[in-house]
Amino acid sequence: MSVKSYDFHVDTKGYCDIVDVSTQVQELVRKSALTNGIVTVFIPGSTASVTTVEFESGLLSDLQNAFDRLVPAELEYAHDARWGDGNGFSHVRAALIKASLSIPFSDGSLNLGHWQQIVVIDFDNRPRKRRVLVQVMGE
Amino acid sequence: MSVKSYDFHVDTKGYCDIVDVSTQVQELVRKSALTNGIVTVFIPGSTASVTTVEFESGLLSDLQNAFDRLVPAELEYAHDARWGDGNGFSHVRAALIKASLSIPFSDGSLNLGHWQQIVVIDFDNRPRKRRVLVQVMGE
Amino acid sequence: MSVKSYDFHVDTKGYCDIVDVSTQVQELVRKSALTNGIVTVFIPGSTASVTTVEFESGLLSDLQNAFDRLVPAELEYAHDARWGDGNGFSHVRAALIKASLSIPFSDGSLNLGHWQQIVVIDFDNRPRKRRVLVQVMGE
């Protein structure tokens with residue numbers, strides 16, 4: 001058993017930009033040379049999240065519409081009144097979807113479904129360079 | 001320290017069917033013969049999720065109503081316009097609740113509360129046979 | 001590689017009280033003497049959750065307002081009709097945000113962002129003494 005820690009960066013457009021990071025995560029699992037275990041994908045920061053989706057453009061827009069309905073950017077946020085960076089809605093969305101996801105892998109391969117990709121969703125209100133942590137634990 | 005990988009299948013009715021899988025997960029933790037660690041429950045696929053609830057019929061219907069309000073099936077989804085399978089709402093719900101959950105165990109027992117069960121929620125719009133992955137890691 | 005299991009208690013006010021537990025979690029990671037791995041923070045019970053936020057008062061009130069909009073306390077809940085404890089909304093909120101969060105650590109330090117704290121959100125409708133489980137796994 002052992003643990004390997006990696007990171008990589010993704011450039012996002014912000015505003016609910018959804019970025020497929022499955023390839024990067026799978027490559028780091030391979031690089032770890034571990035065969036069975038879990039990989040934890042984690043975003044340091046409080047305006048982005050990690051989840052899995054079927055990565056196709058229709059669904060990406062459906063998901064963005066859902067966030068616009070559930071946590072609208074146009075409401076008044078006390079965070080904005082206090083700090084003036086206008087991204088209160090981004091913080092709320094990220095708190096709901098959370099910054100962490102753990103995925104099992106076997107024989108060196110992520111146990112994802114065929115139509116299931118790991119995505120980083122950047123809820124912030126500007127483009128960001130996001131650091132993504134990938135910790136591989138197993139044997 | 002070691003890792004053990006298992007799976008099992010559950011038959012669901014789809015349409016926000018909520019299935020208690022606590023017994024299966026607990027039995028696999030026992031089977032692993034590991035005493036302390038975490039078990040990760042993961043659904044390969046993008047229209048189902050894992051969480052914990054108090055498994056009683058009133059709450060199950062409350063939760064189903066909440067999903068109907070938050071991500072209605074009746075809206076138009078770009079995923080459906082593109083792929084015609086009519087389950088855009090299922091994908092959006094699953095992306096929000098996510099496919100993974102990690103639960104600590106001690107002395108071979110899951111550290112759940114007395115009124116807390118592990119559930120798979122199948123958001124798809126048809127009955128499904130769902131494969132549930134259970135990865136036990138610990139010592 | 002090894003696993004260390006800890007717990008601590010927090011007194012909450014209920015009603016979406018958001019409590020910063022980052023210091024306690026970080027101290028337990030130090031106490032474990034493990035340097036690299038993941039820490040899983042888990043709440044036994046079905047009316048509280050764990051996530052990360054920028055812990056500042058504006059955002060805490062934004063998040064509480066979001067829960068009031070998304071899962072209002074004033075709706076009728078079948079759980080309440082059945083059990084009479086009036087916290088159906090608390091259960092639904094906790095099922096959505098979930099009771100578990102895994103965070104990687106390196107060199108003995110949590111890999112959180114500068115403005116990212118680990119919080120327990122108590123959705124129940126009364127003050128609670130909450131037991132928080134902290135399981136540290138790594139090497």
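Quantities reported herein were computed from a predicted structural model and do not represent experimental measurements. Within every chain, numbering begins at 1; the chains are lettered A, B, ... in the order of the sequence lines, protein sequences first and strands thereafter. Scope of the values below: all heavy atoms of this structure, side chains included, with no hydrogens, waters or symmetry mates.
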Spatial distance of atom CG (B:L133) from atom CD1 (A:I103) [nearest 0.5 Å]: 11.5 Å
Interatomic distance, B:L96 atom CG to A:I97 atom CD1 [nearest 0.5 angstrom]: 4.5 Å
I'd like a table of all donor-acceptor pairs linking chain A to chain B (distance under 3.5 Å, no angle check), giving the atom names and the distance to one decimal.
residue, atom, partner, partner atom, Å
A:V50, O, B:K98, NZ, 2.7
A:T51, OG1, B:A95, O, 2.8
A:E54, OE1, B:H91, NE2, 3.4
A:E56, OE1, B:R82, NE, 3.3
A:E56, OE1, B:W83, NE1, 3.0
A:E56, OE2, B:H79, ND1, 2.5
A:E56, OE2, B:W83, NE1, 3.3
A:S57, OG, B:R82, NH1, 3.2
A:D62, OD1, B:A78, N, 2.6
A:D62, OD2, B:A78, N, 3.2
A:D62, OD2, B:H79, N, 2.8
A:R69, NH2, B:L70, O, 3.3
A:I97, O, B:K98, NZ, 2.7
A:S100, O, B:K98, NZ, 3.0
A:S102, O, B:S100, OG, 2.5
A:W115, O, B:S46, OG, 3.2
A:Q116, OE1, B:G45, N, 2.9
A:Q116, NE2, B:I43, O, 3.3
A:Q116, NE2, B:G45, O, 3.0

Top contributor to chain B contacts, counting heavy-atom pairs under 4.5 Å, from A:P104, A:A66, A:G138: A:P104
Partner of B:F42 under side chain to side chain contact (heavy atoms under 4.5 Å, CB included), chosen from A:L112, A:L110, A:I38: A:L112
B:L75 versus chain A, the contacting section by heavy-atom distance below 4.5 Å: side chain
Residue A:L70 versus chain B: region with a heavy atom under 4.5 Å: side chain
Region of B:M137 that comes under 4.5 Å of a non-hydrogen atom in chain A: side chain
A:F105 versus chain B, the contacting section by heavy-atom distance below 4.5 Å: backbone
Pairs touching residues 120-139 of chain A that satisfy ring pair (Phe, Tyr, Trp, His ring centres under 6.0 Å), sequence neighbours left out: A:F67-A:F123
